[in-house]
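Computed from a predicted model, the values in this text were never measured in an experiment. Lettering follows sequence order; numbering is per chain, from 1.
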Amino acid sequence: NAGVTQTPKFQVLKTGQSMTLQCAQDMNHNSMYWYRQDPGMGLRLIYYSASEGTTDKGEVPNGYNVSRLNKREFSLRLESAAPSQTSVYFCASRGGWYQETQYFGPGTRLLVL
Amino acid sequence: SQQGEEDPQALSIQEGENATMNCSYKTSINNLQWYRQNSGRGLVHLILIRSNEREKHSGRLRVTLDTSKKSSSLLITASRAADTASYFCATVPLYGAQKLVFGQGTRLTINP
């Protein structure tokens, strides 16, 4: 039981390049989330998916797109990376409406030059 | 903008001492949660307190919630070196989607 897994662990991009961050959970959770964490800051919500087939914007969605591929997988895409997107990205999942704890992946560290 | 503010931003104490961290938030909440983040790792859930609760315990952790002041505190008793980490409070708004809104965290260092 791996919990929440994220790939890659670390990535360097040049400005304007695109990439997709992958996230998968094996806990049969309904809801999944993408956050970014900048140095010395808490996490800010980028996008979330309350259930399979739905996605919604969070606090900082600009420059990102998401896909809830199936119940297990939730990907985050940067179409044209910018230096301001240098951050650590965390994926999380939550079981259901009455299960309020979120379970986090180990993070993807992204550097945009 | 982030919901919560945490105080202090950094705390350094000796092993065995108690550590107290505070969190303030702005809007009405359904519940408040505390998470720990070890350096370079993801967040781990510690404890959840609902808006109708005032105090909750889990092992060496004690959380209080004062909804009239929109504030919470996390007390770690008899601290250990392994407690060194960043601690974040996160709130779930009373209305709307089940989303966590994080504070900026307290970096706790336990000196042996």
Side-chain angles (χ1 to χ4, degrees), chain A residues 2-7 9-10 21 23-25 27 29-51 54-61 66 74 87-110, chain B residues 1-10 21 23-27 29-53 56 58 63 65 72 85-108:
Chain A
V4 179
T5 56
Q6 293 183 235
T7 56
K9 286 188 170 58
F10 180 70
L21 283 66
C23 173
Q25 51 89 11
M27 297 174 282
H29 283 174
N30 290 321
S31 303
M32 297 184 74
Y33 305 81
W34 276 107
Y35 297 90
R36 60 178 287 172
Q37 184 179 33
D38 300 307
M41 301 281 289
L43 277 67
R44 290 184 293 169
L45 183 64
I46 304 171
Y47 270 94
Y48 67 102
S49 171
S51 61
T54 68
T55 60
D56 285 287
K57 294 178 181 179
E59 183 186 353
V60 288
V66 290
F74 188 38
S87 190
V88 182
Y89 292 85
F90 290 98
C91 177
S93 69
R94 183 174 66 86
W97 184 253
Y98 291 106
Q99 295 172 292
E100 288 135 324
T101 299
Q102 289 191 18
Y103 294 83
F104 284 81
T108 293
R109 193 173 297 271
L110 177 66
Chain B
S1 61
Q2 293 184 274
Q3 162 85 300
E5 293 185 3
E6 295 186 58
D7 168 51
Q9 290 192 343
M21 290 158 270
C23 167
S24 61
Y25 58 91
K26 297 174 184 171
T27 62
I29 62 171
N30 178 292
N31 66 74
L32 184 145
Q33 303 177 32
W34 285 90
Y35 286 79
R36 184 186 72 223
Q37 183 181 34
N38 290 91
S39 182
R41 310 291 286 273
L43 277 70
V44 174
H45 180 261
L46 293 176
I47 194 167
L48 179 153
I49 186 165
R50 302 190 186 284
S51 60
N52 62 351
E53 297 175 311
K56 203 159 184 182
S58 177
V63 170
L65 179 65
S72 174
S86 291
Y87 292 81
F88 295 91
C89 69
T91 54
V92 175
L94 183 58
Y95 303 108
Q98 285 271 337
K99 299 183 291 186
L100 286 176
V101 183
F102 283 87
Q104 62 200 47
T106 293
R107 184 189 303 271
L108 175 65

Q. Among V44(B), V92(B), L48(B), L100(B), who wins on heavy-atom pairs under 4.5 Å with chain A?
A. L100(B)

Q. Top residue by heavy-atom pair count (under 4.5 Å) with chain A, among G42(B), S86(B), G105(B)?
A. G42(B)

Q: For chain B, find which of Y33(A), Y103(A), F90(A) contributes the most heavy-atom pairs closer than 4.5 angstrom.
A: F90(A)

(Q) Between the side chains of K99(B) and D56(A), is the shortest nitrogen-to-carboxylate-oxygen separation below 4.0 Å, so that they form an ion pair? (A) no

(Q) Under a plain distance cut-off of 3.5 Å, with no hydrogens placed, do Q37(B) and Q37(A) share a side-chain donor-acceptor pair? (A) yes

Q) Side chains of E59(A) and Y35(A): is there a donor and an acceptor less than 3.5 Å apart? A) no

**Q.** Exam field: side chain Q33(B) to backbone H45(B), donor-acceptor pair closer than 3.5 Å
**A.** no

